[in-house]
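Here the structure is laid out as structure tokens; the discussion comes afterwards.
Just the heavy atoms: all of them, side chains too, but no hydrogens, waters or symmetry mates, feed the values below. In the text below, chain A, chain B and the rest are named by the order of the sequence lines, each starting its count at 1.
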Amino acid sequence: MAYWLVKSEPEVFSIDAFKGAKVTQWDAVRNYQARNYLQSMKVGHEVLFYHSNAEPTGVAGVGKVKKIAYPDGLQFDAKSDYFEPRATKDKPVWFAPDIQFVRKFKRVVTLAELRTEPALKGMLVLKRGMRLSVQPVTEREFERIVEMSEE
DNA sequence: GCCAACGTTGGC
DNA sequence: GCCAACGTTGGC
């Protein structure tokens, strides 16, 4: 079983919007490393939902992979900001899984808290300049953050 | 293949 | 709003 962290700006798609949507395709990611992680996600993998560019910034809840990655439809839409001229229906460039809402934390586990927790020292999201919007996390990190949300 | 210019991310 | 850190683009 693998665990992941995905970032979202709450002004664009918040944990409450996620709750309302119930399931959403994690589309509009346009970075190859992030795409490769999206394609590594398997049904049942758990996902930390992280608010970036937010007040406060931090982990806001949990989701779960509902369906493995399939073509991101935005790449075919010439009017979309996420249009991909190189993509064809036969050879799509961008893929994204469906992620299901699981729960909203009682409180946001803030980035500042993540930084002060020794067990989370290795997390990619804490690395200087780490802008990747989809990241792997370890089971230990995942469980610790869930615990912190209960404290 | 190099690398400068440019655009984006995202914390602060 | 600022700006550091990256990723991408495109001229050569």
To the nearest Å, how far apart are [X] [atom1] and [N] [atom2]?
X: His51(A); N: dC12(B); atom1: NE2; atom2: P; answer: 17 Å
X: Asn53(A); N: dA4(C); atom1: CG; atom2: P; answer: 17 Å
X: Tyr82(A); N: dG7(B); atom1: OH; atom2: C1'; answer: 13 Å
X: Asn36(A); N: dG7(C); atom1: CG; atom2: C1'; answer: 14 Å
X: Leu132(A); N: dA4(C); atom1: CG; atom2: P; answer: 22 Å
X: Glu113(A); N: dG11(B); atom1: CD; atom2: C1'; answer: 16 Å
X: Glu9(A); N: dT9(B); atom1: CD; atom2: P; answer: 7 Å
X: Met123(A); N: dG10(B); atom1: CE; atom2: P; answer: 14 Å

Are OP1 or OP2 of dT9(B) and a side-chain N or O of Lys7(A) less than 4.0 angstrom apart? no
Within the pair Tyr50(A) and dG11(B), is there a side-chain N or O less than 4.0 Å away from OP1 or OP2?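 So the side chain of Tyr50(A) is within the cut-off, an N or O lying under 4.0 Å from OP1 or OP2 of dG11(B).
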Mutual orientation of the aromatic rings belonging to Trp26(A) and Phe49(A) [parallel < 30°, tilted 30-60°, perpendicular > 60°]: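 It falls in the perpendicular class, over 60°.
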Out of [options], which has the shortest distance to the side chain of [X]?
X: Leu111(A); options: dG11(B), dG7(C), dT8(C); result: dG11(B)
X: Arg115(A); options: dG10(B), dT9(C), dC12(B); result: dC12(B)
X: Thr57(A); options: dG10(B), dT9(C), dG11(B); result: dG11(B)

Decide yes or no for Phe142(A) and Leu5(A): does some side-chain heavy atom of the first lie under 4.5 Å from some side-chain heavy atom of the second? no
Between CD of Glu151(A) and NZ of Lys106(A), what distance do you get to the nearest 0.5 Å?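 Between atom CD of Glu151(A) and atom NZ of Lys106(A) there are 10.0 Å.
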Ignoring hydrogens and geometry beyond distance, is a side-chain donor-acceptor pair present between Asp98(A) and Tyr70(A) at under 3.5 Å?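 Side-chain D/A pair, Asp98(A) to Tyr70(A): present.
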